[in-house]
Amino acid sequence: MDAKSSLRRAAELIKVSRCTLALTGAGISTESGIPDFRSPGTGLWNKMDPFKVASASAFLKDPAAFYRSFAELWHGYRQAEPNDAHRALARLEQEGMLSGVITQNIDGLHIKAGSRTVWEVHGNLRTCRCLSCGRSFSFEFLWERYRGGENPPRCGECRGVLRPNVVLFGDPLGEEFYAAARAMERCQLLITVGTSLTVYPVASLPQRAEKLIVVNREPTPYDGRADVVIRGSASQALAGIMAALEKI
Ligand code: NAD
């Protein structure tokens with residue numbers, strides 16, 4: 001299928017579907033300046049092994065080293081702005097053509113773009129919690145402590161170590177993931193955007209979709225069973241789908 005036919009076919013599938021969901025990954029946010037894990041040359045994996053550094057056991061072993069690797073990076077995620085791909089998904093939802101977004105991202109950009117039903121299955125960078133007393137604080141509170149020289153940042157009440165509410169490698173997935181998995185049971189069409197579809201168990205979700213559109217720069221393990229594969233920039237692909245929808 002040539003590029004134009006793929007966009008038209010994707011638009012037709014969206015138009016007739018009664019329940020469409022999007023599943024997004026780090027690739028949807030690279031055009032907002034946030035590096036993904038696996039893109040050749042620019043992905044974070046070129047610089048570190050996240051399985052080792054971003055794991056729950058690494059955090060517990062040496063939280064100060066963990067914060068030296070991630071505090072600045074995650075503060076940067078919070079300064080990022082949504083791009084046209086996030087905005088297109090928000091618009092699809094507003095126009096009644098998308099029932100929600102399941103995202104592996106912790107950057108909060110879908111919510112910033114105006115999406116309302118969002119399952120952040122790997123957590124978010126809005127809040128953190130104390131590992132000793134369980135109290136909740138804003139991420140800003142944690143950042144101000146870290147920036148003021150306190151590493152690891154500590155609870156304002158009991159001085160326990162603070163931990164962002166993100167899912168690290170080795171952590172169990174939380175209720176957001178199970179809610180997303182339940183939503184997938186009603187899903188007729190899934191649009192995956194900017195995800196290598198290799199991080200399990202999230203990567204098993206497309207198996208439940210009746211129809212599948214894959215938007216990604218590089219090949220994914222699901223390309224063979226997808227109804228439409230659009231290889232390229234997420235923002236351009238989604239802009240192309242929106243334009244094709246207007247012509248139907
Ligand atoms: P990944 O790095 O494994 O895959 C990203 C995919 O996106 C790659 O296949 C790449 O080819 C593609 N891509 C990159 N830029 C693109 C663009 N502009 N348009 C279209 N495709 C593009 O990421 P993943 O599948 O999300 O899984 C890795 C894990 O990374 C997730 O669990 C996520 O929590 C975490 N992560 C999140 C962020 C974030 O919050 N923004 C950033 C880095 C990693």
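Order of appearance sets the numbers: ligands from 1, and atoms from 1 within every ligand.
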Report the part of [X] (side chain from C-beta onward, or backbone N, CA, C, O) that has a heavy atom under 4.0 Å from ligand 1; answer both or neither where that applies.
{"X": "T195", "result": "both"}
{"X": "A234", "result": "both"}
{"X": "E31", "result": "side chain"}
{"X": "R217", "result": "both"}

Would you say [X] and [Y] make side-chain contact, with heavy atoms under 4.5 Å?
{"X": "Q94", "Y": "R116", "answer": "yes"}
{"X": "V193", "Y": "T195", "answer": "no"}
{"X": "H122", "Y": "V166", "answer": "no"}
{"X": "L197", "Y": "T192", "answer": "yes"}

Where is the nearest protein heavy atom to [atom]: which residue, which atom, and how far?
{"atom": "atom 23 (O) of ligand 1", "value": "A26 CB, 3.6 Å"}
{"atom": "atom 11 (O) of ligand 1", "value": "E218 OE1, 2.6 Å"}
{"atom": "atom 40 (O) of ligand 1", "value": "I106 N, 2.9 Å"}
{"atom": "atom 33 (C) of ligand 1", "value": "Q104 O, 3.2 Å"}
{"atom": "atom 14 (C) of ligand 1", "value": "D36 OD2, 3.2 Å"}
{"atom": "atom 13 (N) of ligand 1", "value": "G27 CA, 3.6 Å"}
{"atom": "atom 20 (C) of ligand 1", "value": "G232 O, 3.1 Å"}
{"atom": "atom 3 (O) of ligand 1", "value": "R38 NH1, 2.3 Å"}

For T20, check side-chain hydrogen bond (donor to acceptor under 3.5 Å, both in side chains) against everything at least two apart and list the hits.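 Partners of T20 under the side-chain hydrogen bond (donor to acceptor under 3.5 Å, both in side chains) test: S17.
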Select the closest option to [atom] among [options], judged by heavy-atom distance.
{"atom": "atom 37 (C) of ligand 1", "options": "L238, T220, N105", "value": "N105"}
{"atom": "atom 39 (C) of ligand 1", "options": "L73, T198, D107", "value": "D107"}
{"atom": "atom 27 (O) of ligand 1", "options": "V199, N83, I230", "value": "V199"}

Is there a heavy atom of A80 sitting under 4.0 angstrom from any atom of ligand 1? no
Does ligand 1 have any atom that is closer than 4.0 Å to a heavy atom of A203?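 False for this residue.
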Any nitrogen or oxygen of [X], side chain or backbone, less than 3.5 Å from one on ligand 1?
{"X": "F37", "result": "yes"}
{"X": "V215", "result": "no"}
{"X": "P35", "result": "no"}
{"X": "G25", "result": "no"}
{"X": "N216", "result": "yes"}

Number the atoms of ligand 1 from 1 as they appear, then name those within less than 4.0 Å of a heavy atom of G194, with their elements. 5 (C), 6 (C), 7 (O), 21 (N)
Against heavy atoms of S233, which atoms of ligand 1 measure under 4.0 Å? 19 (N)
Over all atoms of both residues, closest heavy-atom pair of E31 and S233: OE1-OG, 3.1 Å
What closest approach, in Å, do C128 and P164 show between heavy atoms, and which atom pair accounts for it? CB-CA, 3.7 Å
If only atom types and distance count, is the side chain of S6 paired as donor or acceptor with the main-chain N or O of D2 below 3.5 Å?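 Indeed, once roles are kept as given, a pair shorter than 3.5 Å links the two residues.
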Measure the acute angle between the ring planes of W143 and H75, then classify it against the limits of 30° and 60° as parallel, tilted or perpendicular. parallel
Is the F66 ring parallel, tilted or perpendicular to the F70 ring (thresholds 30°, 60°)?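 Geometry flag for F70 against F66: tilted rings.
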What I want to find out is whether [X] reaches [Y] closely enough, with some N-O distance under 4.0 Å, to be called a salt bridge.
{"X": "R126", "Y": "E120", "result": "yes"}
{"X": "R78", "Y": "E140", "result": "yes"}
{"X": "E12", "Y": "K15", "result": "no"}
{"X": "R182", "Y": "E185", "result": "no"}

